[in-house]
K.L.:
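Encoded as structure tokens, here's the structure I'll be asking about.
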Amino acid sequence: MNYWLVKSEPSVWSWDQQVAKGAKGEAWTGVRNYTARQNLVAMKKGDKAFFYHSNEGKEIVGIAEVIKEAYPDPTDKTEKFVCVDIKADKPLKTPVTMAAIKADKKLADMALVKYSRLSVQPVTAEEWKLVCKMGGI
């Protein structure tokens with residue numbers, strides 16, 4: 001299994017909206033960055049992803065699961081980009097803020113710190129374990 005982080009502004013698509021979609025999940029559309037696109041293509045069914053509220057909150061609030069692998073993004077008129085379907089798995093007991101991540105030296109190389117604008121990014125197994133622990137899971 002691989003681990004990922006997906007970002008969304010809560011005013012556009014929030015964790016609560018993701019949870020409300022239930023087991024059928026929702027397409028993760030609107031990605032228009034080629035590096036993020038490659039990350040979406042690399043996602044496999046069953047992979048887990050941190051759900052990060054960007055701009056407002058700046059914190060990891062939950063864990064999502066990939067339920068459908070990459071397919072053409074229906075919102076992309078150029079037909080160059082893809083999306084995956086994800087469903088909410090579980091919330092973090094305690095949201096993990098960007099400030100807390102930056103304060104932990106073990107997370108200094110995390111993509112969230114180094115490439116803060118990237119909307120879909122990989123997370124190492126070690127980073128995953130540490131952030132889950134920080135979040136009470």
K.L.:
Please give me the minimum heavy-atom distance between Val84 and Leu40, naming the atom from each residue.
P.N.:
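So the two residues come closest at CG1-O, 3.6 Å.
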K.L.:
Around Tyr115, counting heavy atoms of other residues, nucleotides and ligands shown, do more than 12 lie under 6.0 Å from its OH?
P.N.:
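No, not enclosed.
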K.L.:
Would you give the length of the straight line joining atom CG of Asp85 to atom CD of Glu26, rounded to the nearest 0.5 angstrom?
P.N.:
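Reported value, rounded in 0.5 Å steps: 7.5 Å.
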K.L.:
Quick one: do Tyr52 and Val123 end up in the same hydrophobic cluster if we chain Ile, Leu, Val, Met, Phe, Trp and Tyr together by side-chain heavy atoms under 4.5 Å apart?
P.N.:
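They do share one cluster, since a chain of ILVMFWY contacts under 4.5 Å joins Tyr52 to Val123.
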K.L.:
Compare every heavy atom of Ser8 with every heavy atom of Trp13, then report the nearest pair and how far apart it is.
P.N.:
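Closest pair (atom of Trp13, atom of Ser8, distance): O-OG, 2.6 Å.
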K.L.:
So, for Ala108 and Lys114, which heavy atoms are closest and what is the spacing to 0.1 Å?
P.N.:
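For Ala108 and Lys114, the tightest heavy-atom pair comes out as O-CG, 3.9 Å.
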K.L.:
Indicate the atoms forming the closest heavy-atom contact of Leu112 with Gln121, along with that distance.
P.N.:
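Nearest heavy atoms, Leu112 then Gln121: N-OE1, 2.7 Å.
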K.L.:
If you compare all heavy atoms of Trp15 against all heavy atoms of Asp89, which two are closest, and at what distance to 0.1 Å?
P.N.:
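Trp15 and Asp89 have their closest heavy atoms at CH2-N, 4.0 Å.
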K.L.:
Quick one: pull up NZ in Lys58 and CD in Glu9 and give me the separation to the nearest 0.5 Å.
P.N.:
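Between Lys58 NZ and Glu9 CD, I get 10.5 Å after rounding to 0.5 Å.
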K.L.:
Does some side-chain heavy atom of Pro122 sit less than 4.5 Å from a side-chain heavy atom of Tyr3?
P.N.:
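In short, these two side chains do not touch, never coming nearer than 4.5 Å.
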K.L.:
Decide, yes or no, whether a salt bridge links Arg37 with Asp73 under the criterion of side-chain N to carboxylate O below 4.0 Å.
P.N.:
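Answer for the salt bridge query: no.
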K.L.:
Below 4.5 Å, heavy atoms only, C-beta onward: do Phe50 and Cys132 meet side chain to side chain?
P.N.:
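Of all side-chain heavy-atom pairs linking Cys132 with Phe50, at least one is under 4.5 Å.
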K.L.:
With rounding to the nearest 0.5 Å, note down the distance linking OG1 in Thr35 to CG in Leu118.
P.N.:
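The distance works out to 6.0 Å.
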K.L.:
Would you indicate whether the side-chain heavy atoms of Glu69 and Lys44 approach each other to under 4.5 Å?
P.N.:
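Of all side-chain heavy-atom pairs linking Glu69 with Lys44, at least one is under 4.5 Å.
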K.L.:
Please report the closest heavy-atom contact between Pro10 and Glu56, naming both atoms and the distance.
P.N.:
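Scanning both residues completely, I find the closest heavy atoms to be CG-O, 3.3 Å.
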K.L.:
According to a hydrophobic-cluster definition based on side-chain heavy atoms being under 4.5 Å apart (Ile, Leu, Val, Met, Phe, Trp, Tyr only), do Trp4 and Val61 belong together?
P.N.:
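Per the 4.5 Å side-chain linkage, Trp4 and Val61 are co-clustered.
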K.L.:
Which pairs pass salt bridge (Lys or Arg N to Asp or Glu O under 4.0 Å) with one or both residues in residues 122-135, sequence neighbours excluded?
P.N.:
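Residue pairs with at least one partner in residues 122-135: there are none.
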